[in-house]
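To start, the structure itself, in structure tokens.
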Amino acid sequence: MMVQHEPAVRVEGLTRIYPADGEPVRALAGVDAVFARGTFTAVMGPSGSGKSTLLQAAAGLDRPTQGSVWIGGTELSKLSETKLTELRRGRIGFVFQAFNLIGALTVEENILLPLRLAGTRPDQVWLNQVIGRVGLTDRLRHRPSALSGGQQQRVAIARALASRPDVIFCDEPTGALDTNTAAEVLALLRGVVDEHGQTVVMVTHDPVAASYADRVIVLADGRIVHDMPQPGADRIAEHLAALGRRRAVTGAVTSAVTGSVTGEGVVR
Amino acid sequence: MTSLAWRMLRHRPGSSAATLLALALGALILTAMGVLVESGLRYHPAPVRYAAADLVVARTDTTFTSKDFAGEINRSTVALPEGGTVPAALAGQIRELPGVAVAATDENIPVVTAVGVPLSGRGWGSAALTPAELVAGAAPQRGDEIALGGAEVGSRVDLVVGGVLRTYTVSGLVTGDAVFFTDAQAAALAPHPGQVSAIGVRAAPGTDLDDLRTRIAGLAGDAHVLTRDDSGLAESSADRAAAGLLIQIGASFGGYVALLIIFVVAATVGLSVRHRRRDLALVRAVAATPGQVRRMIMAESALISVLAGVIGVPSGLAAAHWLTGELTTRGFLPAGFPMLPGALAGPAAFAIVLASAVLAGLLAARRVSRIKPAEALGEAAAEPAGGGRGRLIGGLITLALAGSAALAAVAATGQTAMGAALGMLYLFVLAVSLLAPWINRAAARLLAPALRAVFGTSGYLAAANLRANARGTATVLTSLVLAVGFGGSVWFLQNNLERQAVAESRSGLLATRALVAPAGLSDSAVAALRAVPGVRAVTPVRHTTVLATLMGDGESVAARAVDPAGLASTVDLSVKSGSLAALRDGTVAVSRTQASMFGWDLGEKVEMRLGDGTAIHPEVVAIYQRGLGFGDVILPRATVLGHTATNLDDEILISAPASADAALRQVAAGHPGSALVDTAALTGGLARDLALSAWLNRMLIAVMVGYTVVAAANTMVMSALARRRELALLRLTGVTRRQVRRMVNAEQIGLLGTAVVLGGAIAALTLSSVVRALTGNLVPYVPPLGWAAVLGGTTVLALATTILPIARLLRVPPVGHIGIKE
Ligand SMILES: Nc1ncnc2c1ncn2[C@@H]1O[C@H](COP(=O)(O)OP(=O)(O)OP(=O)(O)O)[C@@H](O)[C@H]1O
Ligand SMILES: [Mg+2]
């Protein structure tokens, strides 16, 4: 791994407006953030606050309406779709909220897919290590449809790790997992940061999950409202509760379960 | 990429099978058509009649030259329908040339034996060209002597020659199956006085044939000098006509099918890509470049089309074999016509199918590059309901074009209208396919109250689905409209043509009796009939073909040659302008369709060529309505005398009271091979002839309509199967299985109603403008059973192809479909 001075990821003035039939939805309203190399950041916030949108824009999966994203020294908005994909392939791993796997392929093929698309030889030692740590050694020939939700999530993590990317973005990777499995997955992520100097940015609703991170960013209505060193699960929970109370007072209808949030102009 | 594509295909057997079916059927049809075209194109008549001649001088075709707009010379060569002739005197000139051993003229005299077997009559001088050799006896010496095979020397044989029964004495036995007269007798009997069908040349040993050929060509004018290998071209054979028919059927029909295949394949591949939006977005998100995804989709299409070719091409060859048998039993092909095994047609069909599938994949893949990887993350992989602005504009433009084509079709007459109407049919279907998202949405809004009233909650859900999936169901709507529009117009067009032809012929025939003879009738029959007391009028009729240029191309036009005297008492052509009374040598009457298609006006001198290539410039003296029943061109008989293959009449129309029947029958008895018939039988015969040629048209149209129906069924099955997740969700939220089924039925009825209304309107418009152009009636005839077939067929199709797959989906517990599969 090259030693570089620039941060792993940097976003500046990030705005994302989704066109809608009625009023356009402003999912991100000018977010600035820097994610240093070898750090583990948790992104938190109420449902609909723009966490997934931030992650997708930062990972080059979606193009922001305004603002810019740097992965290492590369500014993404100038890249063609193909160049962007090639950059993602080599330097970014992504674990989605759901529907991570391609049903037509086996577990092993799913894990190897990015490498195969890139046409690079898999590093067998590393792969065995990754597959062993996510505990999938005996499920490699199975189809995703034969796996539990948590197992599917672990396959997705293995896929994200397979190419040893600089940055791994995870959108609620533990949302579907029981406490023990979640702990294993989180330890795995912590491990790649500590042992391999990779960078992890993870969206989560769970204060316990967030406590594995070095730093916690809290979003509300498309803006960063808190950015703090990881203060422990209890303090995180308090922050979130306080945020919830404030939103209730300003009258926004929030439902953490359905995610039906009208994000416009709540916090000013 | 290929192995990934392969895995993707296997994972979606339903939609892969649908695409495979569409492609394999396409390959089958194209291969079968290709075999016809290939056999027609590569048909080379073997030299038989002139197998012993070194060179043959004959006129086999005629060439039209014209200048196009750019000033370039455009040549169009057409085979001569009545066979060409060369001047008999040319033989004498050729004989003078050094190196010529024999230059013999050859006649083709129609001869029928007393039992009705047709033979070719020739002069003895041409026997050397075949060669026909004496087995026994001697060559014919006197006018009443003949040489032929299969008889006894010295026996007497009755032959009908030139429509007259004559008795000959067999002077010798020869090989082959021709009848040889003396040269003098042959010249007297020949259909073209002063002309012969060919001159065969045998060179003296040691002569340079190429040089001789050049020297003869210098004398021959526009006639061809054929080498022995090509001399089959100078024989008038049923095989050659059949070869032309094969090319015509295969090419015109194959072209339509190729278009249909591209449309159908584009639709099914597009649909399968659309249904996999989430998978493809995921592949994009996990680091496939847009190019890689495009390649994967194209690899998928290519894989399926290779498989389709492997299945379709051999079945196509088998189908061609079957079709050859059918065409032979129905008399379209002479028995033993050399059909080729399809060594070129098979690979060509394979290539077309592969190319159209890859092209369709490319088009579908273009849409994929617009899928954003972030779409993989959405909960419901719903795509935007509306279409793009470009699609809307394109659709509106196409609609406007279709509208103006409709106006043109209504305003025009004749063939112009037919062209406009078919163009209109395609344009309307294209417009529907482009505007389908908006049509669907508008229909959903319109139908919502009705669906709610009839189906309750299910109807409410159905209307919501129709509105939300307006774009996804576009393909289904289009294929239904295509099936209804196509089936409803092209199929019934055939009915209308037949009916009209028979009706015109029936109401246009004033004559009560007709004398008919397949082998032809001579002038003596006409004279005999005219002499029968009580006969008011007698009209001898010849069926022939003339050639005229349409936009630089030589076109064959069905024509009749009649004796104008007494014509008014035997036929009523429903003359629209001018008068048949003015019909005499140097004039012509044409049908309205013909006049409008070729732009001919009353009083104009028009250019055409007779069936043997002779150019004429007759003046148009009448334009009549009943072209379907009587042919599009009517010439006075005097104009074609000596210019048809037999120079005999095909039928003689008689206007006479019933009391004259006995006397008429006696005339028939005096002309062997002829029969006196009621003119009602004549129209019956026409109907039978039409029904025969209609069999071919019907079968080809049925294949096309059937293909669109299969395509429609495919898209519906695919769409139904793609809804597994959505339906599972509905059931998990408490919608019962019955309600789901009712919802799907309600949706399908909404979609079907829209399609039937649109397709029906398009079909009605097409049909009525074509029928109006051809017959003047605005209201087309549609057999009641036809209505039932189109409407019932579409309904059954739409319900079966949706309800059965949905029922299968519903049998599995809903949680089974909720997982990650889609
Ligand atoms: N494709 C889209 N089209 C329109 N609006 C969207 C789209 N995706 C997200 N949004 C809106 O943007 C806002 C932010 O969405 P986002 O998915 O980033 O929220 P989130 O913080 O990840 O929520 P959750 O915790 O529920 O996953 C929401 O109001 C959402 O409705
Ligand atoms: Mg989210």
Side-chain angles (χ1 to χ4, degrees), chain A residues 16 18-19 21 52-53 55-57 59-63 80-106 109-119 143-149 152 155-156 159-160 162-163 165 169 171 259, chain B residues 1-13 15-16 272 275-296 300 366 368-381 384-386 467-468 724-725 812 815-822:
Chain A
R16 178 68 166 98
Y18 287 111
D21 272 346
S52 298
T53 308
L55 232 62
Q56 289 164 23
L61 289 173
D62 191 18
R63 300 223 184 229
S80 72
E81 203 49 45
T82 304
K83 284 265 174 285
L84 187 59
T85 307
E86 282 162 3
L87 176 121
R88 262 204 325 265
R89 205 188 255 164
R91 295 167 62 181
I92 297 173
F94 208 109
V95 180
F96 308 121
Q97 213 161 347
F99 310 116
N100 266 299
L101 306 179
I102 291 173
L105 305 180
T106 63
E109 288 166 330
N110 262 291
I111 293 174
L112 291 178
L113 186 61
L115 293 174
R116 212 162 124 194
L117 289 168
R143 286 293 165 89
S145 52
L147 299 185
S148 75
Q152 291 177 24
V155 177
R159 183 184 59 203
S163 59
F169 293 97
D171 197 344
Chain B
M1 216 73 292
T2 319
S3 74
L4 188 58
W6 182 239
R7 307 297 296 270
M8 294 291 228
L9 286 180
R10 292 219 337 225
H11 191 59
R12 304 188 140 252
S15 85
S16 311
S272 84
H275 291 157
R276 274 183 311 167
R277 240 181 132 74
R278 182 204 298 279
D279 263 2
L280 295 173
L282 185 58
V283 175
R284 281 277 287 114
V286 298
T289 60
Q292 280 177 317
V293 174
R294 272 200 292 272
R295 278 200 296 283
M296 186 184 86
E300 268 183 41
R366 253 171 27 97
V368 172
S369 17
R370 268 183 263 139
I371 295 181
K372 290 194 210 71
E375 277 181 44
L377 319 171
E379 168 66 26
R467 204 166 41 241
R724 85 181 53 195
R725 195 179 143 78
V812 182
V815 280
H817 293 318
I818 265 303
I820 56 109
K821 298 183 173 177
E822 168 71 338

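Given the structure is predicted, the values throughout are model-derived calculations rather than measurements. Both backbone and side-chain heavy atoms feed into the values below; hydrogens, waters and symmetry mates do not. Below, chain A is the first sequence line, B the second, and so on; all start at residue 1.
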Rounded distance (nearest 0.5 Å) linking atom CD of Glu86(A) with atom CD of Gln292(B): 8.0 Å
Closest heavy-atom contact between Thr82(A) and Thr289(B)? CG2-CG2, 3.7 Å
Heavy-atom cut-off 4.5 Å, strictly under: side chain, backbone, both or neither for Arg159(A) against chain B? side chain
Would you name the heavy atoms of Pro290(B) and Glu81(A) that are closest together and state the gap between them? CG-CG, 3.4 Å
What pair of heavy atoms forms the shortest contact from Arg88(A) to Arg284(B), and how long is it? NH2-O, 2.9 Å
